[in-house]
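Inspection log for the structure reproduced underneath, given as structure tokens.
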Amino acid sequence: MNTFEELGLHDNILKAVQELGFTKPTPIQAEAIPVLLSGTKDLIGLAQTGTGKTAAFGLPLLHLIDATQKYPQALIICPTRELCLQIVNEINIFKKYISAVHIVAVYGGSSISTQIRDIKRGVQIVVATPGRLIDLIERKAINLEQIKYLILDEADEMLNMGFQDDIEFILQNTPKRDSTWLFSATMPPEIRRVSSRYMQKPVEITVGKVNTANKNVDHQYFVTNAQHRYEALKRLIDFNPGMYGLIFTRTKIDAQEISEKLTREGYDIEPLHGDLTQAQRDKVMGEFREKAIQLLIATDVAARGIDVQGITHVINYELPDDVEVYTHRSGRTGRAGKTGVCMSIVHMREIGKLRQIERIVQVPFHKLEIPSGKDVCRKQFYYFMDKLLQTDISHGDYATYLPMLQEKFADVSKDEVLQRVAAMEFDRFLKYYENAEDLNLRERSRDSRERISATRSEDGGRRREVRGREYSGSGSGNYSRLFINLGTKDGFYKASFLQFILDLSDLKKEVLGRVDMKEMNSWIEIDPSAANQMIQAIDGKKYKGRRIRMNDANSR
Ligand code: AMP
């Protein structure tokens, strides 16, 4: 069909569409709208975002809804609050000339009582994220008895985010549902399963190319001894300096302990698991979303439904038992057209499980070596040098300092300056890795594999003492040590940074000891009697719209 007029929509809907400037239906609209208006019950629309699928289900829904009845008749389930709001906004525009139809957005992270009030006012269409909807069902704040139309938008994303059970629960709790419209960009086997269980002879419409798996994710694995997992994790983090990552563990205890250990060693990481209160979890999530935390270590249950843009790496500290769980985990990266990496740390006994996942996910996994200490140092070194070269010196009055600098460095060659800069940044790091052992577990012949356990205990006994990164730990001398989530990436140089923290806290330079600035975070030595004043003045303030976190590095 070439025009909206031919589709059979009410005039008051057509009027709004015309005002929007939509001249002709997109392919998914041209195919889906007549099918849905003709009374087809179930439909699967395979279409990416941006194809006009919101109108493909929104326009026929408005046509079919009984505006005289003031109870929920249609439920649109989508994975994120952003999409939820987007759908509501769009449908609100489509229904400009049907004032009797009311629509409400129901999503987590926003006041539930306001949403309950809105529902009670009498709405016909509810657009919800699964978690919050279940919350409302459990509080008996929403009645799904009369829901006739159930729309699942971005169904594959919802499954990726771990909402499978919630979706099935919703499908089972909409007894009067006679139409289910499912939209998805991909068609993984789980969606086929849901559709065959809960839909009757659905009409299938495909627009564009459909992927079976997310091709934007590179699946990598690293083989090591179980006792080297933690070291391997550190190597992988250190080898990827720009990582904005999500690490998965199987247990709460692992998430908590690894987080504490990594924090002590200077990494910017927080745990997310079920032993934290809801408020603590919301805080951690908020900070991670704002990139105020670089790494999050979570259990599967706690990470369920989390929607964070731009995650560069997902790391499986251990492989999950379930293939579906692997899909949820890896689906947290490589989103919205971006590429991502999903790394798994495995030991020999898990290789079989890995092959099984690989077969079901239908994408090849790449076996990579755990980087050596030298590789890590080289990578960090180049990363630092690139940063040095890219540092913006256009602002600030550096030229005025040049004569003074030239005089100071008159007898020092450029090579020496570079070496000194490198030493300043890398000395401790190089020391940490200078004796680092090879963490890769090499594939061996059966014979030698049988000897592994013996070798392991010998290795354990002979293992070289590897020095900690020493970023944290108590401050030197009589100083306390504070952590702050600001660093060179925020555009600070040491002088401007000192000025900033001293001005905010109204303290004098004399209270400070050594200040160790890194890209994302810094560590400040401070006279213990001034530490609280500084924390109170700075923690929670905003810098360029981002919340500053400052705390005692030793009690983190
Ligand atoms: P969606 O795939 O629903 O996210 O839609 C993507 C964008 O296309 C939205 O901004 C819609 O407003 C717009 N759009 C939807 N249908 C049409 C159409 N027939 N003509 C022009 N733009 C459209």
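Indexing begins at 1, ligand by ligand and atom by atom, following the structure's order.
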> What closest approach, in Å, do Thr391 and Lys387 show between heavy atoms, and which atom pair accounts for it?
Replying inline: OG1-O, 2.7 Å

Which residue owns the protein heavy atom closest to [atom], what's the atom, and how far is it?
atom: atom 16 (N) of ligand 1; value: Gln29 NE2, 2.7 Å
atom: atom 3 (O) of ligand 1; value: Thr54 OG1, 2.5 Å
atom: atom 6 (C) of ligand 1; value: Gly50 CA, 3.7 Å
atom: atom 11 (C) of ligand 1; value: Glu90 OE2, 3.2 Å
atom: atom 21 (C) of ligand 1; value: Phe22 CD1, 3.5 Å

> Given that the side chain starts at C-beta and the backbone is N, CA, C, O, which of these parts of Phe94 lies under 4.0 Å from ligand 1, counting heavy atoms, or is it both or neither?
Replying inline: neither

Are any of the N or O atoms of [X] closer than 3.5 Å to those of ligand 1?
X: Gly52; value: yes
X: Lys24; value: yes
X: Thr23; value: no

> Going by atom types only, do Tyr221 and Glu358 share a side-chain donor-acceptor pair under 3.5 Å?
Replying inline: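 There is no such pair (donor and acceptor under 3.5 Å, judged by atom type) between the side chains of Tyr221 and Glu358.
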
> Judged by modelled atom types alone, do Glu168 and Gln164 share a side-chain donor-acceptor pair under 3.5 Å?
Replying inline: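 Checked: Glu168/Gln164 side chains pair up, N/O donor to acceptor below 3.5 Å.
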
> Where do Gln18 and Glu5 land on the side-chain hydrogen bond (donor to acceptor under 3.5 Å, both in side chains) test, with the steps shown first?
Replying inline: CA-CA 10 Å; Gln18 274 154 9; Glu5 286 73 17; 2.5 Å; yes

>> Please check this pair: side chain of Glu90 against backbone of Thr54, looking for a donor-acceptor N/O pair closer than 3.5 Å.
In response: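 No.
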
>> Can you name the atoms of ligand 1, numbered from 1 with element, that are less than 4.0 Å from a heavy atom of Phe4?
In response: 19 (N)

> By number and element, which atoms of ligand 1 are closer than 4.0 Å to a non-hydrogen atom of Thr26?
Replying inline: 16 (N), 17 (C), 18 (C), 19 (N)

> When you look at Tyr107 and Gln115, which way does the side-chain hydrogen bond (donor to acceptor under 3.5 Å, both in side chains) test go after all the steps?
Replying inline: CA-CA 9 Å; Tyr107 51 86; Gln115 293 173 357; 5.0 Å; no

>> Ring of Tyr267, cation from Lys234 - is the NZ or CZ under 6.0 Å from the centre and inside 45° of the axis?
In response: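 No, Lys234 does not lie over the aromatic ring of Tyr267.
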
>> Checking side chain to side chain contact (heavy atoms under 4.5 Å, CB included) between Leu246 and each of Arg329, Arg332, His313, which is the one that passes?
In response: Arg332

